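Whatever order the structure lists them in is the order used to number ligands and atoms, beginning at 1. Because the structure is a prediction, the values reported are computed rather than measured.
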Amino acid sequence: GRDYIGFATLPDQVHRKSVKRGFEFTLMVVGDSGLGKSTLINSLFLEDLYKNRTISDVEDRIHKTTTIEKTTMEIEERGVRVRLTIIDTPGFGDAVNCDDSWKVVTTYIDDQFRQYFTDESGLNRRNIQDNRVHCCLYFVPPWGHSLRQMDLEVLKRLHRKVNIVLVIAKADTLTTCEVEKLKTNILNAIRENDIQIYEFPECDSDEDEEFKQQDRELKASVPFAVVGSNTILEVAGRKIRGRQYPWGVVDVENSKHSDFIKLRTMLISTHMQDLKDVTEDVHYENFRAQCISQISQ
Ligand code: GDP
Ligand code: MG
């Protein structure tokens with residue numbers, strides 16, 4: 001198996017300056033309770049499988065409110081430091097508080113923008129902590145035919161504020177055909193409703209063919225069908241993160257079984273810096289423009 005998850009490629013994505021300071025990245029997970037958000041996050045980042053890196057908890061499980069849960073960790077890999085913050089939003093979309101559950105999320109995103117805006121106009125501009133949400137993983141349930149009305153409404157509240165990456169939860173409950181069909185329907189719904197999900201940038205023409213191929217496959221996999229698991233299984237003498245069924249094992253990291261690796265590659269090895277750039281240049285700019293027009297009124 002591989003021992004690294006890919007942070008070490010970050011210097012290729014950005015300038016020296018940020019390498020020295022370390023990277024700050026905030027990922028938010030949104031979706032119904034029980035869709036496997038916490039499990040996926042755990043599978044993505046909190047693995048004990050990766051021994052060649054150190055994790056030190058900066059703030060362990062800060063409970064901001066009853067609904068937003070923030071975990072920050074410093075991850076270091078081959079000398080590259082990332083301060084990764086996960087915003088978990090349990091219970092989102094629960095029938096009981098469905099009406100304004102999106103408010104908790106949008107308020108959180110706006111609050112981080114506002115804080116950054118305040119800090120930026122302050123005296124100590126050089127050492128601002130960037131807590132802006134750079135990416136929102138939106139979990140779509142596997143048992144529907146497409147996005148639900150509720151999903152569309154929530155996405156409309158979010159898409160001008162944050163980079164949305166759609167994932168189909170618990171993809172191991174679907175057949176290959178069902179996954180393809182659901183992906184098509186979701187993309188159609190996105191188009192018909194003018195929802196702006198995160199768009200992968202054009203691949204640089206001077207990239208090598210292997211990278212271009214990887215990039216094409218990444219784009220073709222959206223929305224990512226994912227499987228998560230907190231269980232380490234031993235299969236044929238190899239330790240894997242998987243789900244054991246009576247008929248066999250789903251290997252989370254097997255690309256035939258799910259898009260998990262593609263999602264992780266995208267978040268960490270290839271598009272982390274672009275997600276930060278789009279946050280800064282598009283979403284934060286929108287917010288700033290609103291603030292400034294409100295002040296001048
Ligand atoms: P959350 O409420 O969205 O954070 O969901 P959890 O991560 O707590 O998971 C809820 C339940 O779904 C747990 O029993 C998990 O074991 C199970 N689960 C998580 N991920 C998957 C998956 O990819 N496939 C399947 N079949 N079950 C999953
Ligand atoms: Mg959870």
- [ ] Considering the heavy atoms of Ser33, write down every atom of ligand 1 situated less than 4.0 Å from one of them.
- [x] 2 (O)

- [ ] Taking atom types as modelled, find out whether Asn188 and Ser146 have a side-chain donor-acceptor pair closer than 3.5 angstrom.
- [x] no

- [ ] Check each atom of ligand 1 against the heavy atoms of Ser38 and keep those under 4.0 Å away; list them by number with element.
- [x] 4 (O), 7 (O)

TODO: Examine the proximity of ligand 1 to Tyr245 and report which part, side chain or backbone, both or neither, has a heavy atom under 4.0 Å away.
DONE: side chain

Task: Presence of salt bridge, Arg81 and Glu74, under 4.0 angstrom - done: yes

TODO: Flag Asp88 as yes when one of its N or O atoms lies below 3.5 Å from any N or O atom of ligand 1, and as no otherwise.
DONE: no

Open item on the list: Out of all atoms in ligand 1, which are within 4.0 Å of some heavy atom of Lys37? Include the element for each.
Closed with: 1 (P), 2 (O), 3 (O), 4 (O), 5 (O), 7 (O)

Task: Lys219 atom NZ: more than 12 heavy-atom contacts under 6.0 Å - done: yes

- [ ] Return the option from Leu40, Asp172, Ile41, Val252 holding the heavy atom at the smallest distance from atom 24 (N) of ligand 1.
- [x] Asp172

Task: Any side-chain donor near an acceptor of the partner, Glu217 and Gln213, under 3.5 Å - done: yes

Open item on the list: Check this for me - ligand 1, Gly228, N or O atoms closer than 3.5 angstrom, yes or no?
Closed with: yes

TODO: Taking atom types as modelled, find out whether Asn163 and Thr279 have a side-chain donor-acceptor pair closer than 3.5 angstrom.
DONE: yes

Task: Metal check, the Mg ion (ligand 2) vs Ser33 N/O/S, cut-off below 2.8 Å - done: no

Task: Within residues 169-207 or reaching into it, pairs that qualify as ring-ring contact (aromatic ring centres under 6.0 Å, His included) - sequence neighbours excluded - done: Tyr198-Phe200, Phe200-His271

Task: Within-cut-off N or O pair, Thr39 and ligand 1, under 3.5 Å - done: yes

Task: Proximal atoms of ligand 1 relative to Val227 (non-hydrogen, under 4.0 Å) - done: 23 (O)

Open item on the list: Checking side-chain polar atoms at under 3.5 Å, does Asp119 have a donor or acceptor matched by the opposite partner on Gln115?
Closed with: yes

Open item on the list: Can you confirm, on distance only, whether ligand 1 has an N/O atom lying under 3.5 Å from any N/O atom belonging to Gly36?
Closed with: yes

Open item on the list: Less than 4.0 angstrom from a charged side-chain N to a carboxylate O is my criterion; do Arg288 and Glu280 meet it?
Closed with: no

